[in-house]
Amino acid sequence: MGEFANAKALVRAFHATLDAADAGEATAQALARFVAPDLLWRGMHPFNTLIGPEAVAESFWSPLKRALSPMQRRPDIFFAGRNQIDGFESVWVVEMGHLMAMWDAPWLGLAPSRKLAFLRYCEFHRIEGDRIVETAHYIDILNLLAQDARSPIADPTGLVTLTPGPLTHDGLLYGDHPEAEGRDTVELIAAMVAELRGAGVTSPDDHLERFWTHDMSWFGPGGIGASAFYHGYNRGHTHPFEEFLDFEGFTEHVTRLGEGLYGGFFGYPSLRVRSKGYLGLPGSDTAGEMRIVDLYRRDGNKLAENWIFIDFLHFYKMQGLDLIERARAAEAG
């Protein structure tokens, strides 16, 4: 098998073993079998950066498995590629979808819904040989809470809903795809991002016409929600984003890759902004970091769909607002 095929097979075997493991020691053993002893794991708040399989099992996977069980992985996008940021040297595998489970026990101090729950996730894994050496694991806790009408962000600018996979239903790239096709996807994404940053993260009409199909869909995180088509995208995302945030600067992405018609990136963080009452929450003079994931589907020479994760819990925590604590307080009455 080629390098991408080996990397994909490793991640799929890892997921199968991890998903089958009970919480606790079995989860730690599943991780240790596939990841490096010094694995660098980047998570969203309150998990943040962890080192090594035991720390990841103890802090993230085991508590999650105890609270949301049984858990079923339901991926919508899966691809591999080389990282444009390091000159196409490192190989990464990306998976995005939902973890479906019954939420029957407390998690993060939050009461269980005792209903079926869908936790949005996106994972980036860097592969060296037969080990995962680096992982970014983004989850959408605000979307999870919104499913039970408990989100601490009461007035999203878009529709917070169960996020669909690609319109074309072809996002699971388990087979081989020409590497040149993925490079074309990455180059389109990079050009779009460069122009977006040059404009101060605004999306004027000519930018949308250059880079996006007219029937584009934008599936944002809990707190913002989903929008579609140029006018809906502007109304549900770009206009509130531009009106209620002051931009201080950008950080280079950690990785940007693509395969076939799919690609994306993550930044840890991607940018620094100051809130002026964004999403109906108190503003602040303190700038906060936005840790962001963007995944895309390309249609010809334009982008057609975009899936977003933003670590709002971290962003607002830096400004003195603990959204998890706010959700706990609302539960307590």
Side-chain angles (χ1 to χ4, degrees), residues 18-28 41-50 55-74 96-123 137-164 219-226 275 278-282 288 291 293 308-333:
L18 176 64
D19 294 349
D22 293 334
E25 186 62 27
T27 291
W41 190 92
R42 294 180 176 95
M44 300 179 82
H45 182 80
F47 309 103
N48 301 307
T49 301
L50 301 169
V56 176
E58 180 179 348
S59 296
F60 179 72
W61 278 113
S62 288
L64 180 63
K65 282 172 169 280
R66 292 187 184 104
L68 282 78
S69 178
M71 185 179 292
Q72 182 181 91
R73 183 181 299 266
R74 301 175 67 89
M96 186 207 80
H98 295 85
L99 299 173
M100 185 182 80
M102 296 300 298
W103 187 1
D104 282 339
W107 182 53
L108 302 176
L110 298 164
S113 67
R114 301 198 178 279
K115 299 176 183 177
L116 190 63
F118 292 83
L119 179 60
R120 296 180 73 221
Y121 74 91
C122 186
E123 303 177 5
H137 197 287
Y138 283 64
I139 56 173
D140 195 337
I141 295 172
L142 294 179
N143 181 280
L144 178 72
L145 290 172
Q147 293 167 33
D148 198 36
R150 291 189 287 164
S151 174
I153 297 178
D155 190 21
T157 54
L159 174 67
V160 179
T161 185
L162 188 66
T163 303
F219 300 111
I224 299 177
S275 173
Y278 184 55
L279 299 177
L281 295 172
R291 301 164 170 172
V293 160
I308 314 289
F309 292 72
I310 301 177
D311 191 352
F312 281 129
L313 302 181
H314 171 70
F315 172 68
Y316 281 106
K317 182 72 171 178
M318 294 183 73
Q319 299 168 74
L321 182 59
D322 190 328
L323 294 185
I324 293 180
E325 183 56 43
R326 176 177 278 213
R328 292 182 192 130
E331 290 175 359

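Residues: numbered from 1 along the sequence shown.
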**Request:** Measure up the Trp41 and Phe60 rings against each other and bin them: parallel (under 30°), tilted (30 to 60°), perpendicular (over 60°).
**Result:**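 Tilted, since the angle between the ring planes falls between 30° and 60°.
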**Message:** Below 30° counts as parallel, above 60° as perpendicular, anything between as tilted: where do the rings of Trp103 and Trp107 land?
**Reply:**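 Trp103 vs Trp107 ring planes: perpendicular.
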How long is the span from the [atom1] atom in [X] to the [atom2] atom in [Y], to the nearest 0.5 Å?
X	Y	atom1	atom2	result
Asp140	Cys122	CG	SG	11.0 Å
Arg42	Met44	CZ	CE	14.0 Å
Leu64	Leu99	CG	CG	6.5 Å
Leu68	Leu144	CG	CG	6.5 Å

**Asked** Taking all atoms of both residues into account, what is the closest heavy-atom pair of His45 and Ile141, and its distance?
**Response**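 Looking at all heavy atoms of both residues, the closest pair is O-CD1, 4.1 Å.
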**Prompt:** Nearest heavy-atom pair of Ala67 and Pro106: which atoms, and what distance?
**Reply:**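 Smallest interatomic distance, heavy atoms only, reads CB-O, 3.5 Å.
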**Asked** Does the cation-pi check pass for Arg120 over Phe309, that is, NZ or CZ under 6.0 Å from the six-membered ring centre and within 45° of its axis?
**Response**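 Yes; both conditions hold, so Arg120 lies above the ring face of Phe309.
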**Request:** List for me each residue that meets side-chain hydrogen bond (donor to acceptor under 3.5 Å, both in side chains) alongside Gln319, sequence neighbours excluded, and say none if there are none.
**Result:**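 Result, side-chain hydrogen bond (donor to acceptor under 3.5 Å, both in side chains) vs Gln319: none returned.
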**Validation row: Met71, Asp19 side chains within 4.5 angstrom (heavy atoms)** =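 Answer no - side chains too far apart.
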**Carboxylate-amine/guanidinium proximity below 4.0 Å for Arg328 and Glu331** =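 Answer for the salt bridge query: no.
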